[in-house]
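Per chain, numbering begins at 1; letters A, B, ... match sequence-line order.
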There are 2 protein chains.
Amino acid sequence: MTLNSEKERFIEDNGLLFEKLGVTRMSGRILGYLMVADKEKVSFNELTAVLKASKSSISTNLKMLLQIGFVKPLTLPGERKTYYMLSPDMDWQAYFSERLEMIKAMNNMFRKGLKLRTAKKDNAAQWLRKATEFYGFIIKEFPAMLKRWEEGQNKPG
Amino acid sequence: MTLNSEKERFIEDNGLLFEKLGVTRMSGRILGYLMVADKEKVSFNELTAVLKASKSSISTNLKMLLQIGFVKPLTLPGERKTYYMLSPDMDWQAYFSERLEMIKAMNNMFRKGLKLRTAKKDNAAQWLRKATEFYGFIIKEFPAMLKRWEEGQNKPG
DNA sequence: CGGTTTGTTCGATCCTTGCCGAACAAAAAA
DNA sequence: TTTTTTGTTCGGCAAGGATCGAACAAACCG
């Protein structure tokens, strides 16, 4: 339940990285601790103690990590506590598919922008058309790429 | 230099989308206006007027859009002003390659986490290994995908 | 030279939001 | 029933950062 300074740095760095990615620092710290804790399961209380954070912050951020599927709860017979661990069956494809939604949202804006224009042949219109073509390409190819990963997972036993 | 309400809504929506993506609302508004302005070039002053924003905000955010390559300046002989337009030669591959750096940063964290662990075979270690494999796959495949796009651009005349 | 145009920069302000602490809830233990 | 454990929720505070306003800069004009 105590950490060496290298692991402590790792946890903070992961917090900063998550922040950069638009998630909260605390959720990055929680995940960071789960990555280097050298134990199968971690309790809520341990997280507040190790990360020196409030219960409310741990509660909120843990819920987010559960929500996006990085973390799974683990309960044991005869134990009241809920423990937490990195999801044994983490679905990376689903996670990335979710992220693709942002790309789709961008693409919709490009299309709508083009529709709202009167001039359909000038520089801006061409820019928008190229943008939708590129994003469309990504939106089409990305799932195929994920499928290739899946297939690679199944056979190479 | 005046906008119908549909375009106004589009611009605000684009601002909100950009905010969601971790960029500033104002940069999204600027880009939104450039998308639907129905003119080849837009001046600094016009942006402050149409978007009802301060010069400082326009200056800062325009600089960012120039920096990431979405927007290009356009100067004309005999004109003092700088005009701005959507980059005629926008390099989408470069833009997405840049975004891939975040994926690489994540992958580095996973690798470092695994290195910091004592237990190398338990659930957390397996999780980290799978994560690095998946991210490694993306990091390898994504540039190939961009190259395919590039090739598709060159031939299909 | 002074005035105007076209921006940039920097300190102040406002808004958002992550985090905290305290109150609350539920369930088990004593 | 009272106490303890294990969290959740909610109001408030403080930090960060996006935007603003004002001062400043540079280039051109008259």
Worked verdict on Asp38(B) versus Lys7(B) for salt bridge (Lys or Arg N to Asp or Glu O under 4.0 Å): CA-CA 11 Å; Asp38(B) 259 316; Lys7(B) 290 188 177 182; 3.1 Å; yes
Chi angles and distances behind the salt bridge (Lys or Arg N to Asp or Glu O under 4.0 Å) call for Asp13(A), Lys112(B): CA-CA 11 Å; Asp13(A) 285 347; Lys112(B) 183 156 194 180; 5.0 Å; no
Extract all donor-acceptor atom pairs below 3.5 Å that involve side chains of residues 15-25 of chain B and protein atoms in other chains or at least two apart in sequence.
from, atom 1, to, atom 2, distance (Å)
Glu19(B), OE1, Arg25(B), NE, 3.2
Glu19(B), OE1, Arg25(B), NH2, 3.1
Glu19(B), OE2, Arg25(B), NE, 3.1
Glu19(B), OE2, Arg25(B), NH2, 3.1
Thr24(B), OG1, Ser27(B), N, 3.2
Thr24(B), OG1, Ser27(B), OG, 3.1
Thr24(B), OG1, Asn61(B), OD1, 2.5

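In this structure a side-chain-to-backbone donor-acceptor pair under 3.5 Å is missing from Thr75(B) to Thr82(B).
Using bins of under 30°, 30° to 60° and over 60° for the plane-to-plane angle, the ring pair Trp127(B)/Phe70(A) lands in the tilted bin. A tilted orientation is assigned to the rings of Trp149(A) and Phe137(B), their planes being inclined by 30° to 60°.
The separation between Leu47(B) atom CG and dT19(D) atom P is 14 Å, rounded to whole Å. Counting to the nearest Å, the P atom of dT19(D) and the CD1 atom of Ile30(B) are 9 Å from each other. Atom OH of Tyr83(B) is separated from atom P of dT5(C) by 14 Å (rounded to the nearest Å). Rounded to whole Å, the distance from CD on Glu19(B) to C1' on dT19(D) is 12 Å. What separates NZ of Lys41(B) from P of dT6(C) is a distance of 13 Å, to the nearest Å. Straight-line distance from the NZ atom of Lys20(B) to the C1' atom of dT17(C): 17 Å, rounded to whole Å.
Neither Ile30(B) nor Tyr83(B) shares a network with the other; the hydrophobic side chains, linked directly or stepwise wherever heavy atoms of I, L, V, M, F, W or Y lie under 4.5 Å apart, form separate groups for each.
Between Tyr84(B) and Tyr33(B), the distance separating the two ring centers is not shorter than 6.0 angstrom.
The stretch residues 59-80 of chain A touches DNA chain C through Asn61(A), Arg80(A), each having a heavy atom within less than 4.0 Å of the strand.
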Give me the distances for all protein-to-nucleotides 20-25 of chain D N/O pairs that come in under 3.5 Å?
from, atom 1, to, atom 2, distance (Å)
dC20(D), OP2, Ser54(B), N, 2.9
dC20(D), OP2, Ser54(B), OG, 3.0
dG21(D), N7, Ser56(B), OG, 3.4
dG21(D), O6, Ser56(B), OG, 2.7

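Scored by the side-chain contact (heavy atoms from CB on, under 4.5 Å) test, Thr48(A) finds Phe44(A), Asn45(A), Lys55(A), Ile58(A) as partners (sequence neighbours excluded).
Both Tyr84(A) and Arg25(A) sit near DNA chain D, but only Tyr84(A) has its closest nucleotide nearer the 5' end.
From one end of the helix from dC1(C)-dG30(D) to dA30(C)-dT1(D) to the other, with five pairs defining each end axis, the axis direction shifts by 20° (rounded to 10°).
Within the structure, the salt bridge (charged side-chain N to carboxylate O under 4.0 Å, His left out) test picks out the following pairs touching residues 73-98 of chain A (sequence neighbours left out): Lys72(A)-Asp89(A).
At a cut-off of 3.5 Å, with distance as the only test, no side-chain donor of Thr132(A) or Asn107(A) sits close to an acceptor on the other residue.
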